[in-house]
Amino acid sequence: VRDPVTLAVVACDVGAHARLLAALHAALPRIGVMDPGVFACDLAGTEELLGAPSRVARRILARCARAGARVSIGIAPTPFVARVLAERIPPGEIRLVDDGRAFLAPLPLEALPVDAKIHDELRLLGLRTIGEFADLPRGSVFDRFGSGVARAHALARGEYGDVVRASVPVRRIRARRAWDDAIGSHEQLVFALRVVVDEIARSLERDGLAALRLDLRLDREDAAALHVERTVLPPTRESAALLRSLRWALEERPDLGRVVGCALEVLEVEPARGRQIGLFAPDGARREEAIATARYLREKLGPGAVLRARVTDPHARLPERANDWTEVIA
Amino acid sequence: LAEPALADAIARIEGRFGVHALTRGDTTERRRGELVIATGTSIDRVIGGGLAAGEPVAFVGPPSVGKVTVALHAAAGAQSTGGMVAWIDPTRTFDPLAAQRAGVDLERLIVVRTHQVALATAAALRSEGFRLAVVDTGDASIGGIEVDDVAPALAAVRGSPTALLVIATARGRRVAIPTYVFERVAWERDFDRTVGWSFAVGRAHTSDRALFCLTKDGALRDLGTRADLAEIAV
C-alpha cells in the first residue's frame with residue numbers, strides 16, 4: 001500500500017493560472033485544479049521515479065519561478081491538508097506535514113469548506129477550532145448536519161482521502177500548410193484546405209473530440225494575414241462538415257487575395273457524441289447536417305423563412321387553422 | 001504530374017462540377033441503387049428508376065395538374081430511406097395536409113420560404129443532410145419565379161448526394177435540365193359531376209407516359225404506364 005502524499009501548489013496571483021498549469025503539467029503527473037491558482041498533485045508511488053516529495057517540491061518551486069509565478073507549496077497526506085498548509089505559508093516556501101489532524105487542530109473553523117450558516121451553528125455550539133470540531137463523534141455530526149458537514153468533519157480529522165482528479169493538458173489541435181503557387185480562387189482554396197481539414201479531423205477523432213470553434217489564418221502574398229473564425233454548430237469532427245463551414249465563411253468574403261499558406265486551429269472543443277444513423281440510409285440520414293444547413297439559411301434569410309410544418313387539425317374548415325408552422329432554428 | 005498542376009486540375013473540375021465530382025481512391029463507390037430515390041409509382045419507370053442524387057429534374061405542366069402531388073410522393077420516397085427533404089417554397093403555397101396525405105413525414109421536411117431560391121437550393125445541395133431538394137417555383141404570373149432563377153445553383157448539383165427536383169409551369173429559357181411534362185388527359189366524372197382528373201407524365205419527345213388519376217380527396221391513383229395500358233388493350 002502506497003502512503004498517500006499530496007503536493008499542493010498555491011499561487012499568489014490567480015492571473016498566472018494558465019502558465020502555472022502548463023509548467024506543472026510539464027513536470028508532474030496527475031495535476032488537479034482545485035480552484036483558480038490552486039493545484040494538487042498526487043505523488044503516491046512516485047518516489048522512485050521522481051525522488052522524495054520535498055525534492056520534487058523544490059524543483060516545482062524553481063520551475064514556477066521560471067514561469068514567472070510566485071507560489072507556496074504544501075506537502076501532506078491529503079489534498080485538503082496540503083492546500084491549507086500551502087495557503088498559510090509565505091510564497092517561495094515549502095512545508096511538509098506528516099500528521100494532518102495535528103496540523104489542522106489549532107486552526108480556526110473558517111478554514112473548513114462549509115457554509116457560513118454551518119459556521120454560525122458550530123460557533124453557537126461553542127466550537128472555535130478545527131480540533132474541537134474534529135473531536136465530535138462522527139455519527140452525531142452526520143445525524144445533526146448531514147453528509148456535507150460529515151465530509152468536512154472527516155477533512156478536519158485529516159482522514160478524508162479525496163482523490164486528486166487529474167486534468168488533461170490542453171493540446172492544441174492545429175494544422176498548417178504553405179503553397180508554392182499562390183491560390184486565387186475560392187474553389188481552389190477550398191480544395192487545398194481539404195487536406196488541412198482532414199488532418200484536423202483525424203486529430204479530433206484520435207482525442208474523441210468535436211470542434212466547436214475554428215480559427216483559419218490565411219497567409220496572403222499581397223496583403224496581411226486574414227483571420228476567419230467560425231463556430232461549428234452542432235460541434236463536429238467530420239471533415240465534410242468542417243470544410244463546409246469554412247467554405248461558407250470564405251464565400252462571405254468576395255476578395256481573398258492571393259493565398260500562399262494557411263493555419264487552421266481548433267479553438268474550442270467538446271466531447272464527441274455518437275450519431276444514430278438509419279439502417280438503410282446511405283447519405284441523407286445526416287439530420288444534424290440538415291439542421292446545420294437550416295441554421296445557415298436562418299442566418300442568411302432571417303426569421304420566418306426556414307420552417308417546419310405540423311398538421312394540427314386535418315378537418316379544419318380554414319387551411320390556416322389546419323397547420324402550425326414553427327421555426328426549425330428558434 | 002506535378003502536385004500543384006494536379007491540384008489545379010482537380011480544383012478546375014470541382015469548380016465546374018461541384019466539390020463532390022471527384023472522390024478519393026479509397027472512397028467506396030456508391031451503388032446507383034443507393035443514389036436513386038424511387039417514388040413508388042409508375043413514374044419511376046418513365047424517369048429511369050427514380051430521381052437520382054446529383055441530377056436535376058424538372059416537372060413542368062400547367063397549374064393544378066398534379067406536379068406537386070407527384071413531387072410529394074418523391075419526397076416520401078426520399079424519406080423512406082431515412083433522409084431529410086428541403087422544400088423551397090417562394091410562393092408560400094406548400095400544403096402540409098396534402099404532404100401528410102402523400103406520406104411525407106413533416107418532421108423530416110424543412111420548408112424554406114424565400115425568393116432567394118438559388119441561395120437556398122445551393123445550400124441544400126452542398127449540405128450532405130438532404131436526400132432531395134424540391135423547388136416549387138409556382139406560377140410566374142402570380143408571384144412565382146422562373147426556372148431560370150434556379151440556374152446559379154445548378155453548378156452544385158453534380159456530385160451532390162441530393163437530388164434536385166424543380167416544379168414549374170414553363171420550361172426555363174436559359175437552363176436545360178431533364179424535363180418531364182405533365183399533361184391533363186381527361187376529367188373524371190361521376191354522376192355528371194367532376195370528381196378529379198387524369199394526367200400523363202413523360203419526356204416531351206418520347207411516347208412513354210406514366211398515367212395517374214387525382215381524385216377529389218387529393219388521392220393519387222397510379223394507372224401504370226402507357227405501355228401497360230397498351231398490353232391490357234391487346
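Residue numbers begin at 1 in each chain, while the letters A, B, ... track the order of the sequences.
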B:W87 and B:A71: which non-hydrogen atoms are nearest, and at how many Å? CH2-CB, 3.9 Å
From [X] [atom1] over to [Y] [atom2], what is the distance, rounded to the nearest 0.5 angstrom?
X: A:H25; Y: A:L21; atom1: NE2; atom2: CG; value: 4.0 Å
X: B:I177; Y: B:L164; atom1: CD1; atom2: CG; value: 6.5 Å
X: A:I183; Y: A:Q188; atom1: CD1; atom2: CD; value: 5.5 Å

Charged N to carboxylate O below 4.0 Å: is that the case for A:R247 and A:E251? yes
Would you call A:R217-A:D219 a salt bridge at under 4.0 Å N-O? yes
Is it the case that the side chain of B:D149 and the backbone of B:E146 share a donor-acceptor pair, with hydrogens and angles ignored and the cut-off at 3.5 Å? yes
Whether B:K67 side chain and B:P62 backbone form a donor-acceptor pair below 3.5 Å: yes
Please rank B:A78, B:A86, B:P96 by heavy-atom pairs under 4.5 Å with chain A and give me the top one. B:P96
Of the listed residues (B:I88, B:V85, B:I110), which shares the most heavy-atom pairs with chain A below a 4.5 Å separation? B:I110
Could you tell me which portion of B:A99 (side chain, backbone, both or neither) has an atom closer than 4.5 angstrom to a non-hydrogen atom of chain A? neither
Checking heavy atoms, do the side chain of B:D89, its backbone, both or neither come under 4.5 Å from chain A? neither
Would you check, one step at a time, whether the test side chain to side chain contact (heavy atoms under 4.5 Å, CB included) holds for B:I167 with B:T137? CA-CA 6 Å; B:I167 304 169; B:T137 59; 5.6 Å; no
Partner set under side chain to side chain donor-acceptor pair (under 3.5 Å) for A:S147, not counting sequence neighbours: none
Given A:L189, A:D181, A:L301, the one with more heavy-atom pairs under 4.5 angstrom with chain B than any other is A:L301
Need one label for A:W325: side chain, backbone, both or neither, based on atoms under 4.5 Å from any heavy atom in chain B. side chain
Heavy-atom contact with chain B under 4.5 Å, split by part of A:D180: neither
Using the ring pair (Phe, Tyr, Trp, His ring centres under 6.0 Å) rule, collect all pairs that involve residues 37-59 of chain B, keeping only residues at least two apart or in two chains. B:F59-B:F182
Contact listing (chain A partner; residues 102-109 of chain B; heavy atom under 4.5 Å): B:L106, B:E107, B:R108, B:L109
Within 45° cone and under 6.0 Å: A:R244 NZ/CZ vs A:W248 ring: yes
Should we count CG of A:D222 as having more than 12 external heavy atoms under 6.0 Å? yes
Only heavy atoms, only distances under 4.5 angstrom. Which residues in residues 305-315 of chain A are near chain B? A:A305, A:V306, A:L307, A:R308, A:A309, A:R310, A:V311, A:P314
